[in-house]
Protein chains: 2
Amino acid sequence: MGLIEVTLGIEIGSTNTTFGLVDITGKCYVQGKINSRTNESPELLFERLFAKFKKIHRENSDKYELLGIGIGAPSANYYKGTIEFSSNLNWTYVNIVDLVKTYYDLPIVLTNDANAAALGEMKFGAARGMKNFIQLTLSKGFGSGIVVDGNLVYGHDGFAGEIGHTIVVKNGRNCGCGRQGCLETYVSTAGLIRTYFELLSQLNEVSVLKVFPTEELTSKLIYNAAINGDRLALTAFERTGQILGETLANAVAYLSPQAIILSEGIAETGDLLVKPTKHYMELNMLNLFKNKVEILVSALNEGDSAILGASALVWHEIQKERKYQLRV
Amino acid sequence: MGLIEVTLGIEIGSTNTTFGLVDITGKCYVQGKINSRTNESPELLFERLFAKFKKIHRENSDKYELLGIGIGAPSANYYKGTIEFSSNLNWTYVNIVDLVKTYYDLPIVLTNDANAAALGEMKFGAARGMKNFIQLTLSKGFGSGIVVDGNLVYGHDGFAGEIGHTIVVKNGRNCGCGRQGCLETYVSTAGLIRTYFELLSQLNEVSVLKVFPTEELTSKLIYNAAINGDRLALTAFERTGQILGETLANAVAYLSPQAIILSEGIAETGDLLVKPTKHYMELNMLNLFKNKVEILVSALNEGDSAILGASALVWHEIQKERKYQLRV
């Protein structure tokens with residue numbers, strides 16, 4: 001029996017680092033994770049990671065042919081293979097690709113988590129078959145990956161695709177980046193909660209959420225209230241969708257994508273967010289683009305999506321090379 | 001003696017259609033133009049165009065090898081080779097590539113004028129050697145062409161790169177597109193004049209321009225007043241640069257370009273526009289991108305730039321094919 005060709009996807013997060021073997025159809029074979037440790041060096045992290053991987057992988061290793069390794073991580077630079085000034089990981093500068101090469105002499109590709117998610121959607125998810133789309137992850141922060149003509153947009157320095165840090169409200173909310181009015185401060189789980197507070201200040205409505213101490217309020221609680229008809233919670237989603245929709249009308253004017261894929265966090269609330277987003281996107285869109293651009297929710301299982309994205313990253317490069325070889 | 005390889009660049013405008021032969025270094029050999037006629041069909045326009053071209057070209061035609069034809073035109077679709085609903089030309093739907101093929105069976109490429117200008121800058125102008133940049137034409141309207149990884153961004157439907165129709169001021173100025181607050185209504189020759197009127201309403205300053213009937217005010221007059229120290233005129237440029245700079249800070253977050261190239265119209269005022277634009281771009285930029293992105297004024301002679309751009313369009317495709325052949 002032939003070997004199953006797989007790539008190893010690794011997603012380095014601030015609480016966990018997850019990994020798994022993924023074949024060309026997006027099937028995961030071997031999965032595992034290790035907990036992140038505060039102030040751990042990248043060398044030690046990868047030592048633990050590969051020890052765990054080898055242990056899990058050992059009994060089945062004769063079934064698989066490992067073709068490459070894809071890694072998604074915050075503050076990662078695709079061109080240089082480095083992670084730079086990662087506040088989440090407390091690393092100032094690490095060449096991840098060189099480090100991983102000491103373990104496996106294979107094609108190794110690194111990019112940030114949002115870009116990896118975009119390729120995961122393109123290879124295995126809602127953007128399958130698309131060549132031009134935008135992927136947005138709406139969790140605690142706002143991540144984005146832009147795909148143009150079948151490839152990720154990295155830009156001149158490798159850091160393109162920071163739509164979460166476009167300023168959408170002049171003199172708006174304070175952002176962790178030190179500026180004001182970034183999209184991320186409105187459209188994210190944290191942004192939804194801030195919008196709820198803003199509505200408390202503006203409207204005089206009853207709300208089932210008023211019994212909670214403000215520090216205990218979560219996007220999940222606002223979601224539950226909204227599906228039970230709570231007016232304040234519903235308005236919080238409406239406002240969030242409005243600001244996202246207005247921004248997307250502009251994003252479409254830049255890039256004319258076939259679709260915009262939303263994943264994680266408040267994207268999982270489905271129509272509660274998608275309906276107002278779609279409404280305000282169409283309302284603000286240049287005629288030329290009206291009724292052309294789909295808004296879709298990720299089709300990937302959230303548990304696997306990070307691994308699938310990281311794995312898709314290197315599958316993408318392998319397939320490009322094979323296509324080139326074929327053409328030759 | 002060998003033949004000089006050239007492409008024919010054609011720029012279809014609402015007042016003139018210009019053409020010229022251009023070699024790989026950007027040298028123009030044969031140039032001409034015909035006036036546009038109201039309600040003329042595309043068939044008749046090209047008949048006159050090629051008659052004129054052949055007449056000029058005849059005596060030297062044995063010196064050149066024509067490799068392809070590039071055409072820049074408003075409302076042009078690269079994918080389909082068509083011009084659709086062009087209000088300037090009064091054509092509803094024309095397949096330009098098919099039409100031109102009946103004259104010359106060569107590679108023929110069509111795109112909108114702003115995209116052609118971007119390729120002109122990449123092959124022959126200020127963006128030479130760059131793979132990621134944004135080209136903006138700031139004449140009566142606001143055109144833009146986005147280059148990512150050495151290629152124009154066309155998007156899913158061929159109409160990407162409409163930065164002039166991103167909404168930058170909520171409930172802002174009425175735009176010809178039917179919406180409000182588009183960048184084009186602020187950053188263009190017409191936008192500069194509107195800003196001057198806005199300042200008349202807001203500030204209580206003397207201005208040498210107050211002697212002119214408002215309908216006679218031009219961006220050139222405001223420029224002349226500004227370089228002579230007129231406070232209102234200077235403030236009009238400052239405001240224009242501010243709104244452009246703020247928008248570019250966001251554009252950089254999307255695309256992380258190496259440079260932004262400004263051409264035509266108010267771009268020709270040089271520092272008057274570039275200084276405030278640069279200032280407000282840096283002021284509003286995410287830290288990650290600060291002091292990385294150049295703002296440059298077009299290096300092309302305005303008279304030739306349309307022809308160079310259209311010609312670059314097909315040179316670009318020819319070079320890609322040759323590169324591929326070489327690799328094979």
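Below, chain A is the first sequence line, B the second, and so on; all start at residue 1.
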(message) Between B/Ile146 and chain A, with a heavy-atom cut-off of 4.5 Å, which part of the residue counts as in contact: side chain, backbone, both or neither?
(response) side chain

(request) Answer with side chain, backbone, both or neither: which region of A/Ala259 has an atom nearer than 4.5 Å to a non-hydrogen atom of chain B? (result) neither

(message) Between A/Met285 and chain B, with a heavy-atom cut-off of 4.5 Å, which part of the residue counts as in contact: side chain, backbone, both or neither?
(response) backbone

(request) Count the heavy atoms of every other residue, nucleotide or ligand shown that sit under 6.0 Å from NZ of B/Lys140, and state whether that count exceeds 12. (result) no

(request) For the residue pair B/Tyr254 and A/Leu255, establish whether any side-chain heavy-atom pair is separated by less than 4.5 Å. (result) yes

(request) Let me know if A/Asp149 has heavy atoms under 4.5 Å from chain B in its side chain, its backbone, both or neither. (result) neither

(request) With a 4.5 angstrom heavy-atom cut-off, could you sort out which part of A/Phe133 is near chain B: side chain, backbone, both or neither? (result) neither

(request) Work out which heavy atom in B/Asn287 is nearest to a heavy atom in A/Cys177; give both atom names and the distance. (result) ND2-O, 4.3 Å

(message) Heavy-atom cut-off 4.5 Å, strictly under: side chain, backbone, both or neither for A/Glu246 against chain B?
(response) side chain

(message) Just so I know, are the side chains of B/His165 and A/Phe289 near enough to count as touching, which here means a heavy-atom distance under 4.5 Å?
(response) no

(request) Please name the pair of heavy atoms, one in A/Leu288 and one in B/Glu162, separated by the smallest distance, quoted to 0.1 Å. (result) CD2-OE2, 4.4 Å

(request) Please round to the nearest 0.5 Å and tell me the distance separating atom CG of B/Leu286 and atom CZ of A/Arg179. (result) 4.5 Å

(message) Donor-acceptor pair, distance only, cut-off 3.5 Å: does the side chain of B/Asn250 make one with the backbone of A/Ile167?
(response) yes

